[in-house]
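Indexing begins at 1, ligand by ligand and atom by atom, following the structure's order. This is a predicted model, so every value here is computed, not measured.
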Amino acid sequence: MKYNIALLRGDGIGPEIVDSAVLVLEKIGKKFGHDFCFTPYLIGGCAIDKTGEPLPAETIDGCLASDSVLLGAVGGPKWDNLSGDIRPEKALLGIRAALGLFTNLRPAKLYSSLKEASPLREDIVKEGFDLMIVRELTGGIYFGERGRREGKYGAEAYDTEAYSRMEIERIGRVAFETAMKRKKRLVSIDKANVLETSRLWREIMHELSADYPEVEYSDMLVDNAAMQLVKNPCQFDVIVTSNMFGDILSDEASQITGSIGMLASASLGNTKRGLYEPIHGSAPDIAGQNKANPIATVLSAAMMLRYSFDLKEEADCIEKAVDAVLENGFRTADLIGTGSAEAVSCSEMTEKILEMI
Ligand code: NAD
């Protein structure tokens, strides 16, 4: 089968880490008999340099014509002083909107071989943990009516949280489907003791749970969830939550793994096409030095296989290869502290992963 993948390498370490993921996908293609075709497009600072804009129309058209999109990272000091509309980061919002992406999937996995990187106590993370946050991306308080007005005590500001049945149902379905592809456990996080939007959210999640009898479903209040993530992260498999709660909890979850260079993400919409990218930025401090950890991008490519192409065995193969390389003690500098003599380079780490596939 042939799959067309748009490559948005971007800036800083973007090109190095995307090229690592391409090598991994090519090896998977050979092993399992798939034809992955890659077409590069400009995004971010490099696009500004060549075309004057961070997200050229050609890039949007190319992504829309592809089966899926792999992104490195954008931005860097060279473009920091440009005005808001032509900043590299503007391209990220633009491409998500153009592709109609309303779901953000953020796995947070602590490998048992990397548990010393976690800021959590050893007895809490001795088994490692592996959870997935499904965050609603285009609704809620970040997109609601807002403004300023004169109130009884002077100036007031307000932001409004609104969620429709359609928005809750579609994110809920993604979450239940995601749970079906994992350990079949789902926790929906809300603030239903206070917020009306959360009460509607909870009602609809309960309705949906009837369609997924195999999924063990429960609700949790967001304040409790913030505590449970640091007290016992192993209890979670899939978490579904609103835009703002997801924004906060997904950063908390990534911090407790302690390894920014390891964390993948996916943004999905109504079609199988998704945008897959590491959660980290363009790391200008190490760009072009062959020091970047390519694992977050390699794991993003594995998510693409799993969620856009339904290639479960192939995705498992990449994830197991990464596991094995870490078990064998190979570490890029970010995983053992910069300057360590034992660190492997970005290309060496890629080579080790390829050997394990
Ligand atoms: P960053 O994630 O780029 O870097 C933070 C620290 O983590 C740096 O020390 C960096 O060297 C290290 N790091 C990040 N990824 C790594 C990897 N794969 N391997 C090894 N070390 C890694 O965040 P920042 O420094 O705040 O931002 C740098 C630039 O990236 C800025 O221009 C910012 O706007 C942009 N940014 C882009 C995205 C994106 O494209 N999605 C996300 C965040 C930041």
Compute whether any side-chain donor of one residue and acceptor of the other, for Tyr212 and Glu177, lie under 3.5 angstrom apart.
yes
Would you say the side-chain atoms of Ser347 and Asn290 include a donor-acceptor pair closer than 3.5 Å?
yes
Are any of the side-chain nitrogens in Lys191 or Glu161 under 4.0 Å away from the carboxylate oxygens of its partner?
no
Donor-acceptor side-chain pairing of Ser188 and Asp219 below 3.5 angstrom:
no
With a 4.5 Å cut-off on side-chain heavy atoms, are Met205 and Ile171 touching?
yes
Side-chain donor-acceptor contact under 3.5 Å, Tyr276 with Ser308
yes
Can you give me a line-by-line list of nitrogen or oxygen pairs between ligand 1 and the protein shorter than 3.5 Å?
from: ligand 1; atom 1: 2 (O); to: Gly281; atom 2: N; distance (Å): 2.7
from: ligand 1; atom 1: 3 (O); to: Gly281; atom 2: N; distance (Å): 3.4
from: ligand 1; atom 1: 3 (O); to: Ser282; atom 2: N; distance (Å): 3.2
from: ligand 1; atom 1: 3 (O); to: Ala283; atom 2: N; distance (Å): 2.8
from: ligand 1; atom 1: 9 (O); to: Asp285; atom 2: OD2; distance (Å): 3.0
from: ligand 1; atom 1: 11 (O); to: Asp285; atom 2: OD1; distance (Å): 2.8
from: ligand 1; atom 1: 11 (O); to: Asp285; atom 2: OD2; distance (Å): 3.0
from: ligand 1; atom 1: 15 (N); to: His280; atom 2: ND1; distance (Å): 3.3
from: ligand 1; atom 1: 18 (N); to: His280; atom 2: NE2; distance (Å): 3.1
from: ligand 1; atom 1: 18 (N); to: Asn293; atom 2: O; distance (Å): 3.0
from: ligand 1; atom 1: 19 (N); to: Asn293; atom 2: N; distance (Å): 2.8
from: ligand 1; atom 1: 30 (O); to: Ser282; atom 2: N; distance (Å): 3.1
from: ligand 1; atom 1: 30 (O); to: Ser282; atom 2: OG; distance (Å): 3.1
from: ligand 1; atom 1: 32 (O); to: Gly76; atom 2: N; distance (Å): 3.1
from: ligand 1; atom 1: 32 (O); to: Glu89; atom 2: OE2; distance (Å): 3.4
from: ligand 1; atom 1: 34 (O); to: Glu89; atom 2: OE2; distance (Å): 2.5
from: ligand 1; atom 1: 40 (O); to: Val74; atom 2: N; distance (Å): 2.9

